[in-house]
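A, B, ... follow the sequence lines: proteins, then strands. Residue 1 opens every chain.
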Amino acid sequence: MEISDTLNPKQREAVLHTEGPLLILAGAGSGKTRVLTHRIACLIEEKGVNPWNILAITFTNKAAGEMRERVDSLVKSGAGSVWVSTFHSLCVRILRRFIEYLGYENNFSIYDADDQKTLMKQVIKKLNLDPKQYRERPMMSIISSAKNELIDTETFRKKSGGDWKLGKAADVYEAYQAELKKNNALDFDDLIFKTVDLFRVNAEVLDYYRERFRYIMVDEYQDTNTAQFELIALLAGKYGNLCVVGDDDQSIYKFRGADIGNILNFEETFPGTKVIKLEQNYRSTAHILDAANAVICNNKGRKQKTLWTANEDGPLVMFRQYGQAYEEAEGIVRDMLAQGRNLRDFAVLYRTNAQSRLLEEKCISYNIPYRLVGGVNFYQRREIKDILCYLKTIANGRDDLAVQRIINVPKRGIGASSIGKVMEWAGRQETSFYEGCVHAASIPGMGKAAGKIQGFVSQIQDFARRNQAWELGIRQEEDVPQNRRYGLEGLIRDILEETGYRSELQAEGEEEAKARLENIDELINKAASYCAENEEPSLNGFLEEVSLVADVDRMDDSQDRVTLMTLHSAKGLEFPVVYLSGMEDGLFPSSMSIMSDDPTDIEEERRLCYVGITRARERLTMTAARMRMSKGETRYSKVSRFVEEIPGDLVDTMSPGARANANASSNARYEEKKFDGRQFKPQTVVGGRTPGFGKEFTIQKASALEYGAGDRVRHGRFGDGTVQSVTDGARDFEVAVEFDRFGVKKMFASIAKLEKL
DNA sequence: CGTGGCATAGTTTTT
DNA sequence: CTATGCCACG
């Protein structure tokens, strides 16, 4: 085959350079996946490398799946032996095989964020720390960063020096790790950390994988953290055939420990590195690309490169500012409808998951099918977690968290005090909670509860026996519906029926139960397809698969639907038409990053904006709202600084006439809530490069107000009322007024323009 | 032992 | 505003 036919010179160079360290700086839409897949094909077909010796690491399972598919279609045979995987699944596979060297059992559980939180809460309680002062989240993030930096408990303790607060954190870290180990469980960060640990303590295992993975490729390299870096460096330490692909401008996971230094310093770390820049963009129109470049060039400390394209100019970038956030959502939905394209062409992106709600509501009211990526995770739903905890208990009885979650679900009359007694006993015996349940009868003071616990234990044992029989390939004789082979599907069904989970669910209400049972059905389908797709399906394998899914992995693009998702989830994807919603200072960039004294925080937001812009192929629309509800109160925002960074001649701000139209039509539906847009004419216009929008909405805070609590005032729309309170906020005075006809309203003084009577 | 009501905290982003 | 968590009561 002619591998290089469809590639440009730079791409071809990257594909053919197969030996030694290679850094590919690939701008957005520059065809990096094509380079990677062709490179794999080249290794196999031109250089005669055994596919078995190739490892490609991606960020999400979705990306891995796509790469696998493309390699399959490119390579005649053997492509199946190429190991394409995410960091996390790679590590799980390695650990399942060798973790016993680290003192864990190979049926370990994987804890997600919820599990971590529960465990952390227990730890804080156990250490008798004030839960007001030591909250789970901050503690988790301290520990997570430590693990991402490969700092173990011992080093952490040393580094804490005499610092009291850090010493406490060290206590928590130690206790948390001990608890995980006791439960034979690893959290997400551990998966990487422990694999590095394994490689460091066991030279044989390391060498085995070094021999195995002679050619390594890493996608999205800009988002690797120290632990992941070390993992790769160890693996590539013998043959040195390491090819990383990334774009420093698209590094958006600093909060998760990603170290942009990994890509910026790659050349120094790996002497003899060949650097290839891919700067031609094949994805977007020139206008979109110019806008992206205009935004990102405000960042300092980036590798110099300029994306260019041979594509046509395309339409201008659109910007629209609405009054209320729901008008913004409606505006987007109507705009999509007006274009008359396939719904799958559209993506609406936003900074925070909370923003999806309004968009969903509007999609529903306009009858537009949508697909929501992220948000409340399927696997976080109560009923799904319940069933998964049954499965986890069956797979790994040492997972106390799982056992404790389900021991009284459905209700078995095992209450908090009985559970407490078992916990106490297990603690004294230095054994697991489940083991405590097994010996419930011999625990003093258990009373009637002992029998109930026994019942639970024998149920679990029964399930475990069936599962073991299935895993060993023995056909289950009894309880087989027709001639279907017993498997995970059957196991979940049995759990549902035999524990009484289904009947309890049905007892509690029609609608609710129906929805939950549908979710469980979806889980059963998942289990069935897992079993069908895998050579050697196992309970642990299934649990892994469900715990390592990213939100985008569950994105189903088979149906013609609009996609709603966060900017983070959108990384690596592309759509013909993209809306960037909520372009407001304080939301995007987030107020956290604005307040931060670390200037690189805002740069990370800017990179996120760059990622968002470059998702669009043909048409990009940015939208903002002046008012948005958050935490129960209205927030007023000006247009995002990122919008201002785009030169005015690239932007189409809606003409005043068109805006009036849009408002008029949206009013029809929301008349009662509508707040006349004209009242929001700027009080003060502070000069901006781009006329028509930008800095127009700068509120001039008055030094004092002429009215106070108790005074009668008049409002342009709400009529007369009595001032209840005046709060002196940072940006403006906030006034609460009880209107005679409209009730109590809170408003900002400079906007409301209240007139004293 | 279970439930229902109230209080409080929380919003970045996720494998 | 909404989700979660805790406490008091039945």
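Nucleic acid contact for R628(A): none, since no nucleic acid atom lies under 4.0 Å from a heavy atom of the residue. Residue S569(A) is in sugar-phosphate contact alone, with no base atom involved, counting any heavy-atom pair closer than 4.0 Å across all strands shown. Looking at heavy-atom distances under 4.0 Å, K571(A) makes no contact with the nucleic acid at all. Across all strands, F87(A) comes closer than 4.0 Å to no nucleic acid atom at all (heavy-atom distances). As judged by a 4.0 angstrom heavy-atom cut-off over every strand, F59(A) is placed among residues touching the sugar-phosphate backbone only. Residue-level contact check: E604(A) touches neither bases nor backbone, having no heavy atom under 4.0 Å from any strand.
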Can you pull every protein N or O that's under 3.5 Å from an N or O on nucleotides 1-10 of chain B?
| from | atom 1 | to | atom 2 | distance (Å) |
| --- | --- | --- | --- | --- |
| dC1(B) | OP1 | G415(A) | N | 2.8 |
| dC1(B) | OP1 | S418(A) | OG | 3.0 |
| dC1(B) | OP2 | S417(A) | OG | 2.6 |
| dG2(B) | OP1 | N408(A) | ND2 | 3.3 |

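Defined by atom type and a distance below 3.5 Å, a donor-acceptor pair is present between the side-chain atoms of E383(A) and N519(A). Counted by atom type alone, Q177(A) and E179(A) present zero donor-acceptor pairs between their side chains at under 3.5 Å.
Distance NZ (K117(A)) to C1' (dT14(B)): 15 Å, rounded to an integer number of Å. The interatomic distance linking M140(A) (CE) with dT15(B) (C1') rounds to 13 Å, in whole Å. The separation between N225(A) atom CG and dT15(B) atom P is 14 Å, rounded to whole Å. A straight line from NZ of K62(A) to P of dT15(B) spans 13 Å, rounded to a whole angstrom. Look at CD on Q355(A): it is 11 Å from C1' on dT13(B), rounded to the nearest Å. Rounded to a whole Å, the CG atom of L567(A) is 14 Å from the C1' atom of dT14(B). The interatomic distance linking I252(A) (CD1) with dT13(B) (P) rounds to 13 Å, in whole Å. Residue D190(A) contributes atom CG, which lies 21 Å from atom P of dT14(B) at whole-angstrom precision.
Looking at heavy atoms from C-beta onward, F98(A) lies out of side-chain contact with T195(A) at the 4.5 angstrom threshold. You'll find the side chain of Q116(A) stays beyond 4.5 Å of the side chain of T118(A), heavy atoms only. Residues R93(A) and W83(A) have side chains in contact (heavy-atom distance under 4.5 Å, counting atoms from C-beta outward).
For K121(A), whose side chain is taken as the heavy atoms from C-beta onward, the closest listed nucleotide among dT15(B), dC6(C), dT13(B) is dC6(C). Side-chain proximity of M592(A) to dT15(B), dT14(B), dT11(B): nearest is dT11(B). Nearest to the side chain of R137(A), among dT11(B), dT13(B), dT15(B), sits dT11(B). Comparing atom distances between the H88(A) side chain and each of dT2(C), dT13(B), dT15(B) picks out dT15(B) as nearest.
A stacked arrangement is not assigned to Y253(A) and the six-membered base ring of dT13(B), the conditions of a centre distance below 5.5 Å and an interplanar angle below 30° not being jointly met.
Residue N353(A) places at least one side-chain N or O closer than 4.0 Å to OP1 or OP2 of dT14(B).
Ring geometry for F188(A) against H88(A) counts as perpendicular: the plane angle is over 60°, on a 0 to 90° scale with 30° as the lower cut. In this structure, F642(A) and F588(A) have perpendicular ring planes: the angle between them is above 60°, well past the 30° mark.
dC6(C) sits 23 Å from dT11(B) when the C1' atoms are compared, rounded to a whole Å.
Checking Q228(A) against S590(A), the closest nucleotide of DNA chain B that is more toward the 5' end is the one next to S590(A).
If you look at H568(A) and F255(A), their ring centroids are closer than 6.0 Å.
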